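Before any comments, here is the structure.
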Amino acid sequence: MNPINEIRGQAQEKEVAPRVNLSPKENRFINSLKSATPIDWEDWTWQISHRIRTKEDLSEILDLTPEEIEGIEGCGQKLTMAIPPYFASLIDPNDSNCPIRRQCIPVKAELIKSDHELEDPCGEEDHSPVPGLVHRYPDRVLFLVSEMCAMYCRHCTRSRMVGEGSHKRKTSHYEDAYDYIRSNKKIRDVLISGGDPLMLSDEMLENIIKNIKAIPHVELVRIGTRAPVTLPQRITNDLVAMLKKYSPIWINIHFNHPKEITKRVRFACELLTDNGIPLGSQTVLLKGINDKPYIMKKLMHDLLKIRVRPYYIYQCDPIIGSSHFRTPISSGIAIIDKLRGHTTGYAVPRYVVDLPGGGGKISIDPNAIISQNQNRYVLRSFSGEEYTHYDPI
Ligand SMILES: *Cc1c(COP(=O)(O)O)cnc(C)c1O
Ligand code: SF4
């Protein structure tokens, strides 16, 4: 069955009454869609089945650039385009560099493979004891439960496996994954990711969480998702009530730009935190989108305002066709340097590089140690001055 129909069929809840007033942008957008109502807009399954997937549909809401037209025509085999109407309504049609637009509309540069780019840059497949499970660190695993996402980010690290076509690599060998976790007593933390786990129905997701929680040595269940940003309608009362039953569950949300934090996103995040679900964020450092320290700082501040604790900023992994997004590592270091000490510690995430070849994540900080001579350290303060520290001998 078509996965979209499957989801529509499986979504039991029908609590679709508008919970957030439409913004002027959303209103304008909804009026431009034939026969859509505010009730449809609130229904995540409607958003999924009305995603913008073709050049023709997209041309109705904005003027595509030649680079975009080539990108859309060429991206099919690689990573499909799919944009929920809600997310599309955030695009500034007059700005071809709009950060929302660049994350969801393919461009020609995506079709170019540059040096050092790989299909699976972080070596996840090599650390997969069973399909869909990545076991790299001693005490935790990454469990890829879905290949589908609400929106396909053009910079996606897992473009090798996400989408709705036929993939070489399958995610959903759930039973094998449970067996593996059960037989490895060192695993105390399971990170459920994908694709997007929130593209599963509440019932399917609950079943996964229940199976994992039933393993005695698993202390922590985490979910990695982008749905609260690209499809905030997905955070329904029913979903939250289900997650609440399995507390503690930590959720990490992929946020890349302050423009993503709308009233509706705030509503979704508040519903989660009000129900005892701690939220963190992860951000991919993207050239021309969020690589300026002032934009990153605003994003981090805006996240704290909606009670999301910044967790990681990722260096953009060298996946195939990502060179137009990738910044030098020095950009990431400069961002941390402009945050640390200059603003609230909670607003300072770790800047992380997932090592190509499967070495795992390392965090990189601006260098604070200017020199060391036996027990004498010369250290650099946040404002760039030198201070001397003496270790006990
Ligand atoms: C990122 C990741 C995790 C989680 O890492 P934390 O640093 O604990 O958040 C676990 N497994 C794999 C394979 C990962 O890539
Ligand atoms: S939501 Fe995550 S997994 Fe899905 S396309 Fe975006 S980056 Fe990739």
Side-chain angles (χ1 to χ4, degrees), residues 48 51 75 78-84 87 100 102-104 106 110 120-129 132-164 167 169 171 177 181 184 186-200 219-231 234 250-256 260 278 280-286 289 309-317 319 321-322 325 349-363:
I48 289 282
R51 285 178 301 174
C75 76
K78 216 185 111 252
L79 175 67
T80 130
M81 175 177 82
I83 315 169
F87 199 72
I100 301 287
R102 289 202 49 216
Q103 291 185 67
C104 61
E110 236 181 67
D120 177 20
C122 305
E124 293 186 332
E125 306 292 342
D126 296 339
H127 284 89
S128 246
L133 202 70
V134 187
H135 192 184
R136 173 148 35 231
Y137 307 108
D139 69 339
R140 53 211 193 280
V141 286
L142 173 65
F143 185 13
L144 307 174
V145 301
S146 156
E147 287 155 22
M148 193 177 160
C149 300
M151 188 273 273
Y152 295 104
C153 311
R154 306 325 303 173
H155 54 271
C156 177
T157 284
R158 301 211 179 92
S159 56
R160 69 176 191 282
M161 55 158 279
V162 304
E164 284 147 47
H167 290 278
R169 318 192 187 279
T171 48
I181 300 169
N184 281 266
K186 281 192 187 140
I187 299 172
R188 42 164 289 287
D189 172 6
V190 178
L191 170 51
I192 303 174
S193 182
D196 200 316
L198 297 193
M199 288 301 98
L200 302 176
E219 298 169 0
L220 186 61
V221 172
R222 299 191 261 174
I223 294 176
T225 175
R226 203 170 191 205
V229 175
T230 53
L231 183 67
R234 176 66 187 97
W250 293 60
I251 294 187
N252 225 31
I253 307 172
H254 180 167
F255 276 99
N256 288 340
E260 294 167 354
S281 73
Q282 49 194 47
T283 298
V284 181
L285 183 55
L286 297 167
I289 293 180
R309 163 70 156 106
Y311 184 58
Y312 284 156
I313 292 175
Y314 285 112
Q315 170 67 7
C316 181
D317 293 325
I319 52 145
S322 61
F325 280 132
R350 309 306 307 258
Y351 170 49
V352 162
V353 179
D354 212 336
L355 295 173
K361 297 182 184 72
I362 53 154
S363 97

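Ligands are counted one by one from 1 in listed order, and the atoms in each one are counted from 1 as well. By convention here, the first residue in the shown sequence is residue 1. Here the structure is a predicted model, which means the values were calculated and not measured.
Shown in contact with Tyr312 at under 4.0 Å from a heavy atom are these atoms of ligand 1, numbered in order with element: 6 (P), 7 (O), 9 (O). Ligand-side atoms of ligand 1 in range of Tyr137: 2 (C), 3 (C), 10 (C), 11 (N), 12 (C), 14 (C), range being under 4.0 angstrom from any heavy atom. Atoms of ligand 1 found under 4.0 Å from any heavy atom of Tyr311, numbered from 1 in the order shown, are 6 (P), 7 (O), 8 (O), 9 (O). Below 4.0 Å from some heavy atom of Cys149 lie the following atoms of ligand 2, by number and element: 1 (S), 3 (S), 4 (Fe), 5 (S).
Atom 8 (O) of ligand 1 has as its closest protein heavy atom Arg140 NE, 2.7 Å. Given atom 2 (C) of ligand 1, the protein heavy atom at minimum distance is Lys361 NZ, 2.4 Å. For atom 8 (Fe) of ligand 2, the closest non-hydrogen atom on the protein side is Cys156 SG, 2.3 Å.
Residue His254 holds the heavy atom nearest to atom 7 (S) of ligand 2 of all those in Arg226, Met161, Gln282, His254.
Under the 4.0 Å criterion applied to side-chain N and carboxylate O atoms, Arg160 and Asp120 are assigned as salt-bridge partners.
Under the 4.0 angstrom criterion for non-hydrogen atoms, His135 is not in contact with ligand 1. The shell of residues lying under 4.0 angstrom from ligand 2, judged by heavy atoms, includes Met151.
Residues Asp317 and Pro121 come closest through the heavy atom pair CB-CG, 4.0 Å.
No part of Arg350 comes within 4.0 Å of ligand 1, judged by heavy-atom distances. Counting heavy atoms closer than 4.0 Å to ligand 1, residue Leu191 contributes side-chain atoms (C-beta onward) but none from N, CA, C or O.
Using a 4.5 Å heavy-atom threshold, the side chains of Leu79 and Cys156 count as touching.
For a distance bound of 2.8 Å, the N, O or S atoms of Cys153 include one lying that close to atom 6 (Fe) of ligand 2.
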